[in-house]
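Before any comments, here is the structure.
Residue numbering restarts at 1 for every chain, and letters A, B, ... go by the order of the sequence lines.
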Number of protein chains: 2
Amino acid sequence: MMNTTLKLLAQQLQLSISTVSRALKDHPDISTATKEKVHALANSLDYEPNAYAIQLRTQSSKIFGVIVPAISNLFYDSFIAAIEEESRKNGYALMILQSSNNTENELNNLKIFRQTRVSGVFACLSAHTQNLEVYEKMSNRDIPVVFFDIVPKDNKYTKVRMADERCAIIAAEKIIERGAKHVLAIFGDPALSISQKRKQAFQQFMEKYAPKTHCTYVNTHSSTEAEIAFDKHYSKTQKFDTVFAMTDEILIGVMKSIQVHNIKVPKDIGVISISNGFIPNLYHPTISYVETSGFELGKLAFVQMLANIKGGKTLTELTVDARFVEGKSM
Amino acid sequence: MMNTTLKLLAQQLQLSISTVSRALKDHPDISTATKEKVHALANSLDYEPNAYAIQLRTQSSKIFGVIVPAISNLFYDSFIAAIEEESRKNGYALMILQSSNNTENELNNLKIFRQTRVSGVFACLSAHTQNLEVYEKMSNRDIPVVFFDIVPKDNKYTKVRMADERCAIIAAEKIIERGAKHVLAIFGDPALSISQKRKQAFQQFMEKYAPKTHCTYVNTHSSTEAEIAFDKHYSKTQKFDTVFAMTDEILIGVMKSIQVHNIKVPKDIGVISISNGFIPNLYHPTISYVETSGFELGKLAFVQMLANIKGGKTLTELTVDARFVEGKSM
DNA sequence: TTAATATTTGCAAACGTTTGCGGTAAATTT
DNA sequence: AAATTTACCGCAAACGTTTGCAAATATTAA
C-alpha cells in the first residue's frame with residue numbers, strides 16, 4: 001500500500017504541499033473551508049506524518065534516551081515507568097537501552113543516542129565508569145543529560161538521586177529506637193559510591209548516638225554472598241539481635257538464611273532494609289524498610305530534563321527524600 | 001558547536017559529498033588514499049551520520065518497537081533483555097512502550113511506532129484487547145508484527161508464546177508423581193486465555209491420569225486474593241496436601257499464607273508453580289517450578305522477526321517448551 | 001473607479017543522506 | 001598511435017517535511 005504523504009494529499013486536492021501542511025496544523029493563514037477538506041482526506045487516507053522528515057527538517061526528535069544497568073531490576077523498573085508516563089504526557093517517546101554494567105555497552109548506547117539525535121538522555125552510570133568524556137560529547141551536541149541514581153561526583157552535571165545518607169540514617173535511627181545491642185549491617189559493593197555513602201552515614205550516626213551498640217559491618221556483592229555472610233556471623237557465639245540490609249539483593253540473601261535457620265522475626269532478630277517495597281512485602285512478617293522510590297526519582301528526573309530543555313542549564317543535584325515504612329520485622 | 005555533516009567534510013577536503021559518503025562506507029569506487037583522508041577528518045571532527053536523514057532516504061529505521069503490559073514485570077523483563085541483546089547484535093535499537101494493560105495506550109503506542117516507521121513491532125496484547133484492526137494497519141504499512149505471550153487467536157498472525165498447556169501438564173505430572181491426594185490449584189484471571197488454557201489442560205490431565213485425586217480449582221486476580229483463597233481453604237476441615245500456583249503473583253500470595261501459618265513445606269504441603277525462577281528461589285525450601293523463560297521467548301521472537309523482515313511472511317505460531325526445575329518443595 | 005489592505009495560497013529552499021549515471025584521466029591493449 | 005578498458009570522482013535527484021516570502025485573489029476604503 002502506498003504511503004500517504006503531503007504530496008499525495010496535495011495532488012488529490014489540487015493544492016500545494018505547503019497549504020496542506022499548514023491546514024493540517026491549523027495555521028491561521030488557511031481558510032476553514034480548505035482546512036476541512038484537507039482534514040477529511042487526510043483521515044480517510046490515514047495520513048501519518050513522517051517522523052524522520054520532520055526531525056530532519058526541525059532538528060528535534062521528541063525521543064528521550066534512557067540508559068540503565070539492567071531493565072530487569074525492581075528499582076529501575078519503577079524509574080522507567082515514571083519517566084515513561086511523563087514522556088507520554090508530554091509527547092515524547094522513550095528509547096531504552098541497557099548497559100549491563102558494562103562501560104563498552106554504555107559507550108555504544110550513547111553513540112546510538114547521538115546518532116538518533118535524541119532530545120535528551122537519562123543516564124545511570126555503569127558501576128565502574130570513570131571516564132565521562134562521552135557525556136561531554138553529548139553536551140557539545142546540545143543533548144542534555146540527567147544522571148540518576150548512580151551519578152558522577154562532579155558538580156557540573158545535572159543529577160537526581162536518592163538521599164542515600166538520609167536513608168542510612170533513618171535506618172540507624174530505627175535500629176537505635178529498637179534498642180539494638182548488636183547489629184549486623186550488610187552493605188553492597190564497596191567500590192560503589194552508593195555503598196560508601198550509606199555505610200559512612202550509617203556508621204557515623206551509630207557511633208555518635210549509640211556508641212555502646214556493637215556493629216559488625218560487612219560488604220557483599222550478591223545475594224548469595226549476603227546469605228553466606230549472615231550465616232557465618234549467625235553461627236558465631238556472639239549473636240546479633242538486628243540486621244540491616246542495604247539493598248533488596250542483600251535482603252534476599254538474609255531472608256534466605258533466616259528461613260533456613262527458622263529464626264523468629266522480630267523476636268530473635270530484627271530486620272530492616274532499604275528498598276522500594278516489593279521484596280520486603282513478600283515475607284511474613286513483612287520487613288520494615290526505608291523507602292527509596294524509583295517512581296518518584298523518575299518524576300523528579302523528568303522535571304529536571306524539561307527544565308534543561310526549556311530554560312537552558314540547571315546544574316543542580318536534587319535528591320528525593322526517604323521515609324520509613326513500618327513492617328512487622330522491627 | 002557546529003554539527004559535522006558530509007557537506008562540511010566535503011568542503012574541507014575539496015571533495016564532493018558523494019565521494020565522502022562513499023569513502024566512509026568503503027565503496028570500491030574510491031581510492032585508498034582519499035578514503036584515508038576522509039576517515040581521518042571524519043574522526044577528528046567526530047562525524048556521526050544523521051540517522052534521520054538516512055532513514056528518510058532509505059525508508060528504513062533500524063528500530064524495533066516493543067509493547068508490553070508493564071515493564072516492571074519479572075517475565076517481560078527477561079523477554080526485553082533477550083530482544084535487546086539480539087537487537088544490539090544486529091544493529092537495531094529498541095523503543096519500548098508500555099500499555100499498562102490499557103487498550104487506549106496500546107493504540108497510542110502503535111501510532112508512535114507507525115510514525116517512527118519502526119522496522120518491526122513486538123507486541124503483547126493488553127488483557128482485553130479484542131479489536132485487532134490497528135495491527136492490520138501495521139501490516140498495511142509493511143511493518144511486521146510478532147506477537148508474544150498474549151497473542152491473538154487468529155492464525156494469520158506471527159506469534160510466539162509459552163507452551164501453556166505443556167506447562168500445566170508438566171506440573172500435573174509432578175503432582176501425580178508426588179502422590180497427591182488433595183490438590184488446591186490456583187489460576188489467574190479467568191477472562192484471560194492463558195488462564196483458560198492452563199486450567200483446562202491441567203484439569204483434563206488430572207482427570208484422565210489421576211481420577212481419584214481430589215482437585216479444588218480457584219481463580220484469583222491478585223496475590224492478595226490468592227493469599228485469601230489459600231487461607232480460606234486451609235482453614236477448612238478437609239485439608240489439601242499440595243498447592244499449584246499458576247503464576248508468580250499467585251505463588252507470592254500462597255507463600256505469604258504458608259509463612260503465616262508456619263506450614264512445613266514440603267512435609268505438610270507440597271508447592272509447585274509456573275515461573276521464570278526468580279520468586280521460587282526467594283524461599284526456603286526453594287519452590288519447584290515449571291520454567292517459562294521470557295529470555296528464550298525473546299530469542300525466539302527475534303528470529304521470527306528477522307525471518308519476517310528478510311523472507312517475507314512467516315505465519316506460524318511457535319511455542320517455547322517448558323521444563324521442570326526441581327526445588328525442595330515437592 | 002482606483003488604490004490600498006486583508007485574506008488565502010503557492011514557490012522554493014533547506015534539513016543530511018544515498019545512489020544511478022555520466023564524465024575525465026590514466027592505464028592497458030591492439 | 002589509436003582504441004579500449006579501468007579507476008576515480010562529481011552531478012543531481014530524491015526521501016517528506018517546514019517556513020520565509022512572494023503572488024494572487026478578494027475585500028474595503030478613498
For [X], give me all partners under side chain to side chain donor-acceptor pair (under 3.5 Å), at least two apart in sequence or on another chain.
X      : answer
A:K137 : B:D46
B:K299 : B:E85, B:E86
A:S119 : A:S61

Calculate the interatomic distance between [X] atom [atom1] and [N] atom [atom2]; express it in whole Å.
X      : N      : atom1 : atom2 : value
A:N50  : C:dC15 : CG    : C1'   : 13 Å
A:L6   : C:dT9  : CG    : P     : 16 Å
A:H27  : C:dG10 : NE2   : P     : 14 Å
B:Q55  : D:dG16 : CD    : C1'   : 13 Å
B:N3   : C:dG16 : CG    : P     : 7 Å
A:Q59  : D:dT17 : CD    : P     : 17 Å
B:R117 : D:dG16 : CZ    : P     : 8 Å

* To do: Sorted by first residue and then second, give each ring pair (Phe, Tyr, Trp, His ring centres under 6.0 Å) pair with at least one member in residues 3-48 of chain B; sequence neighbours left out.
  => none
* Side-chain ion pair, B:E317 and B:R161, N-O less than 4.0 Å ->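 Yes.
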* To do: With sequence neighbours excluded, tell me which residues meet salt bridge (charged side-chain N to carboxylate O under 4.0 Å, His left out) with B:D189.
  =>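 Residues passing salt bridge (charged side-chain N to carboxylate O under 4.0 Å, His left out) with B:D189: none at all.
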* Asked: Which is true for A:L56 with a 4.0 Å heavy-atom rule: it touches a base, it touches only sugar-phosphate, or it touches nothing?
  -> base
* Classify every nucleotide of nucleotides 6-14 of chain D by which part a protein heavy atom approaches to under 4.0 Å, writing B for the base, S for the sugar-phosphate alone and - for neither, in 5'-to-3' order. => --BBBBBBB
Any protein N or O atoms within reach of nucleotides 24-26 of chain D? Criterion: under 3.5 Å, listing atom names and distances.
none

* Sequence neighbours left out, what passes side chain to side chain contact (heavy atoms under 4.5 Å, CB included) with B:T34? Give chain and number order. => B:I30, B:S31, B:K37
* Just jot down the ring pair (Phe, Tyr, Trp, His ring centres under 6.0 Å) partners of A:F122, sequence neighbours excluded, or say none. => A:F64
